[in-house]
Colleague: 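There's a structure below that I have some questions on.
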Amino acid sequence: PMPTAGFDAITEVCLGDAVDFTSSSTVVSGGLTPSWDFGDGNISSSTNPSHTYATIGFYTVQLSVESDFGCEDTYSSQVRVYPASVGGSVSGATTRCEDDDAVYTLSLSGQTGDVVRWERSLTGVDQWVSINNTSTTLDYSDLQENTYFRAVVQSGVCDEAPSSSALITIDPVSEGGIIDGSAEVCSGTNSTTLELSGYTGTIIDWEYSSSASGPWTSLATAATTYTAIDLIATTYYRAEVKNGVCGSDYSELGIVTVIPETVGGTLSGSTTRCADDDATYTLSLSGETGDVVRWERSLTGSDQWISINNTTTTLDYSDLQETTYFRAIVQNGVCEEEVSSTATIQIDELSEGGEISGSTEVCSGTNSTDLELSGYFGTILDWEYATSSSGPWTSLSHSASSYTATDLTTTTYYRAEVQNGVCSSDYSSIATVTVIPQTVGGSVSGSVTRCADDDATYTMTLSGHTG
């Protein structure tokens with residue numbers, strides 16, 4: 001009997017994939033010997049062989065079977081081998097501004113196979129959404145956020161392959177934002193920090209002008225803050241911001257209003273008074289710019305200032321018991337307070353004459369007595385002497401704290417005159433050097449000559465002596 005050759009196999013395959021052939025040959029009796037020819041120069045004698053083609057193309061596969069009785073039959077079928085799908089590359093990636101409504105085109109090249117669809121994603125990794133387009137170009141417009149596009153390509157029965165992704169970056173519209181920190185400052189030495197907030201994009205520059213309408217001058221700075229220093233006139237500021245490819249935008253204006261700086265002025269009326277002076281005196285302020293907000297006093301002139309509730313330009317004072325410093329505090333608008341010059345009311349303590357030590361008695365003639373002044377307060381103006389404790393007094397033209405009286409022949413009284421500052425002078429206690437006459441030996445009478453064995457009593461007499 002004649003055999004019947006036949007086989008089953010897929011007729012389309014992707015390059016690199018194996019084709020499994022299953023023989024369906026039959027014979028009424030006996031066995032069959034198969035002989036396969038895969039059409040690419042390769043053969044097989046297996047009943048159900050598997051074969052992988054090395055190149056793409058169309059191949060005619062033939063199966064010949066021979067029965068045990070030498071009868072033969074042949075069956076053939078065609079297999080097509082497709083090249084593997086290649087997604088290719090998408091060109092046209094770009095960056096657009098959010099308000100750009102023009103139409104742009106992406107193009108696919110270098111692909112192997114047919115475009116079966118395009119896809120878009122907001123991540124570029126997953127969540128791809130199909131676009132019904134099988135051409136090699138894709139038009140798009142009005143994108144509001146960054147979007148990735150790719151084409152999906154398939155070659156015959158091969159697996160689909162995605163192309164490279166093209167990213168369309170969407171830059172939000174530039175927003176100039178708001179400048180915080182507008183302020184009033186004092187002319188001259190000042191510092192105001194302005195800060196830009198609420199902006200979208202990159203700061204291109206800061207600009208300033210003496211008028212809100214310009215013209216504007218570049219400050220050549222692109223930081224989020226700008227510090228305006230030492231302004232002497234009101235100045236306006238703005239920042240230019242640009243986000244990506246979008247047009248630039250200007251911020252709202254920041255304003256630094258400049259007012260004349262505070263001048264503390266000058267106090268007149270400094271003087272020196274004695275502690276017992278109870279008259280009323282007046283200090284006066286002049287040359288100030290601004291208003292007096294208070295006066296202050298201090299015992300050091302450098303710290304521990306105590307407020308005085310007085311907002312006029314004059315200050316009366318009296319009965320000061322120690323040196324006191326006064327000053328006025330002046331403020332012009334929002335400018336910092338400034339202090340006036342300091343007026344010093346020096347209070348001199350009362351003069352104290354002190355005590356003279358060293359009072360003594362001396363012998364008339366050659367003598368020397370040291371007198372020492374102590375416990376005094378002030379400056380020694382002079383020493384004076386007198387022969388009576390009630391005067392009259394004669395100057396010694398001597399201002400040391402000690403005095404040596406020499407060769408006195410009569411009792412003498414001494415005092416020192418001391419003065420402290422502007423206070424009246426004061427006299428010390430009185431020291432006395434009492435002078436007594438010199439000692440005189442006198443004369444002894446009764447001189448006589450006697451015998452050694454004379455035991456009578458005789459008398460000698462002293463006269464003319466002092467002491």
Colleague: Flag the pair Val153 / Leu108 as yes when at least one side-chain heavy-atom distance between them is below 4.5 Å, and no otherwise.
Modeller: yes

Colleague: Does the side chain of Glu296 come within less than 4.5 Å of Ile329's, by heavy atoms?
Modeller: yes

Colleague: Supply the atom-to-atom distance Thr192 OG1 to Asp230 CG, rounded to the nearest 0.5 angstrom.
Modeller: 10.0 Å

Colleague: Tell me whether Asp382 contacts the main-chain N or O of Ser397 through its side chain, where contact means a donor paired with an acceptor under 3.5 Å.
Modeller: yes

Colleague: Determine whether a donor-acceptor pair (N or O, by modelled atom type, separation under 3.5 Å) exists between the side chain of Asp17 and the backbone of Leu15.
Modeller: no

Colleague: For a quick check under 3.5 Å, do Ser121 and Thr123 share a side-chain donor-acceptor pair by atom type?
Modeller: yes

Colleague: Testing the 3.5 Å rule here: is there a donor-acceptor pair between the side chains of Asn146 and Thr169?
Modeller: no

Colleague: Using the rule given for side-chain hydrogen bond (donor to acceptor under 3.5 Å, both in side chains), can you reason through Thr257 versus Thr234, listing the C-alpha separation, both sets of side-chain angles and the distance that settles it, and then say yes or no?
Modeller: CA-CA 4 Å; Thr257 303; Thr234 296; 4.7 Å; no

Colleague: Is there a donor-acceptor pair closer than 3.5 Å between any side-chain N or O of Asn190 and the backbone N or O of Cys186?
Modeller: yes

Colleague: Would you find a donor on one side and an acceptor on the other, under 3.5 Å apart, between the side chain of Thr280 and the backbone of Tyr317?
Modeller: no

Colleague: Charged N to carboxylate O under 4.0 angstrom, Glu175 versus Lys242?
Modeller: no

Colleague: Which heavy atom in Ala386 sits nearest to a heavy atom in Pro392, and how many Å separate them?
Modeller: CB-O, 3.1 Å

Colleague: side-chain hydrogen bond (donor to acceptor under 3.5 Å, both in side chains), that's the test. Do Tyr82 and Arg80 meet it? Break it down for me.
Modeller: CA-CA 6 Å; Tyr82 288 95; Arg80 181 177 182 179; 3.0 Å; yes

Colleague: Which atom pairs, one a donor and one an acceptor, fall under 3.5 Å between side chains of residues 350-358 and the rest of the protein, sequence neighbours left out?
Modeller:
from	atom 1	to	atom 2	distance (Å)
Ser351	OG	Asn420	N	2.8
Ser351	OG	Ser424	O	2.7
Glu355	OE1	Ser429	OG	2.9
Ser357	OG	Glu372	O	3.3

Colleague: Kindly give the heavy-atom pair with the smallest separation between Val245 and Arg96, and that separation in Å.
Modeller: CG2-C, 3.5 Å

Colleague: Answer yes or no: is there a side-chain heavy-atom contact under 4.5 Å between Leu196 and Trp206?
Modeller: yes

Colleague: Answer yes or no for Arg415 and Tyr427: cation-pi contact, defined as NZ/CZ to six-membered ring centre under 6.0 Å and angle to ring axis within 45°.
Modeller: yes

Colleague: Which residues pass the disulfide bond (SG atoms under 2.5 Å apart) test with Cys363, sequence neighbours left out?
Modeller: none

Colleague: So do Glu160 and Val116 actually touch side chain to side chain, heavy atoms under 4.5 Å?
Modeller: yes

Colleague: Would you say Gln419 and Thr379 make side-chain contact, with heavy atoms under 4.5 Å?
Modeller: no

Colleague: Any idea which heavy atoms bring Tyr376 and Ser401 closest together, and the distance?
Modeller: OH-CB, 4.1 Å

Colleague: Please check this pair: side chain of Asp101 against backbone of Ser141, looking for a donor-acceptor N/O pair closer than 3.5 Å.
Modeller: no

Colleague: We want to know whether Ser211 and Ser209 form a side-chain donor-acceptor pair, criterion being a heavy-atom distance below 3.5 angstrom.
Modeller: no

Colleague: Using modelled atom types and a 3.5 Å cut-off, is there a donor and acceptor pairing between side-chain atoms of Asp370 and backbone atoms of Thr404?
Modeller: no

Colleague: Verify, without hydrogens or angle tests, whether Ser174 (side chain) and Asn243 (backbone) share a donor-acceptor contact under 3.5 angstrom.
Modeller: yes

Colleague: Hey, could you give me the CZ/SG distance between Arg273 and Cys423, rounded to the nearest 0.5 Å?
Modeller: 11.5 Å

Colleague: Does any non-hydrogen side-chain atom of Ser425 lie less than 4.5 Å from one of Leu381?
Modeller: yes

Colleague: Taking the six-membered ring of Tyr148, is the NZ or CZ of Arg120 close enough (under 6.0 Å from the centre) and on axis enough (within 45°)?
Modeller: no

Colleague: Which heavy atom of Ser364 sits nearest a heavy atom of Pro437, and at what distance?
Modeller: CB-CA, 4.3 Å

Colleague: Can you tell me if Ser164 uses its side chain to pair, donor with acceptor, with the backbone of Val90 under 3.5 Å?
Modeller: yes

Colleague: Considering all heavy atoms of both residues, which atom of Asp454 and which atom of Arg450 are nearest to each other, and what is their separation?
Modeller: OD2-CD, 3.4 Å

Colleague: Could you tell me whether a side-chain N or O of Trp383 sits under 3.5 Å from a main-chain N or O of Ala400, the two making a donor and an acceptor?
Modeller: yes

Colleague: Got a second to check how far Leu283's CG is from Thr342's OG1, nearest 0.5 Å?
Modeller: 11.0 Å

Colleague: Before you tell me yes or no, could you show the steps for Thr225 and Glu195 under side-chain hydrogen bond (donor to acceptor under 3.5 Å, both in side chains), namely the whole-Å CA-CA distance, both residues' side-chain angles and the distance that decides it to 0.1 Å?
Modeller: CA-CA 4 Å; Thr225 60; Glu195 183 167 7; over 6 Å; no

Colleague: Any chance you could measure Leu299, atom CG, to Trp305, atom CH2, to the nearest 0.5 Å?
Modeller: 9.5 Å

Colleague: Any chance you could measure Leu106, atom CG, to Arg150, atom CZ, to the nearest 0.5 Å?
Modeller: 14.0 Å

Colleague: Mind checking whether Ile179 and Tyr226 have side chains closer than 4.5 Å, heavy atoms only?
Modeller: no

Colleague: Might you point out which heavy atoms bring Leu267 and Ser341 nearest each other, and give the distance in Å?
Modeller: N-OG, 2.8 Å

Colleague: Looking at residues at least two apart in the chain, or sitting in another chain, which of them share a side chain to side chain contact (heavy atoms under 4.5 Å, CB included) with Glu338?
Modeller: Thr262

Colleague: For Asp159, is the CG atom crowded, meaning more than 12 foreign heavy atoms sit under 6.0 Å from it?
Modeller: no

Colleague: Side chains of Asp139 and Thr105: donor-acceptor distance under 3.5 Å anywhere?
Modeller: yes

Colleague: Quick one: pull up CG in Asp291 and OG1 in Thr313 and give me the separation to the nearest 0.5 Å.
Modeller: 11.0 Å

Colleague: When you check the side-chain N and O atoms of Thr193 and Thr227, is any donor under 3.5 Å from an acceptor?
Modeller: yes

Colleague: Is a side-chain donor-acceptor pair under 3.5 Å present for Gln321 with Asp319?
Modeller: no

Colleague: Say whether, by atom type as modelled, one donor and one acceptor occur between the side chain of Glu288 and the main chain of Val292 under 3.5 angstrom.
Modeller: no

Colleague: Is the shortest heavy-atom distance from the side chain of Leu285 to the side chain of Val330 under 4.5 Å?
Modeller: yes

Colleague: Side chains of Tyr414 and Glu384: is there a donor and an acceptor less than 3.5 Å apart?
Modeller: no

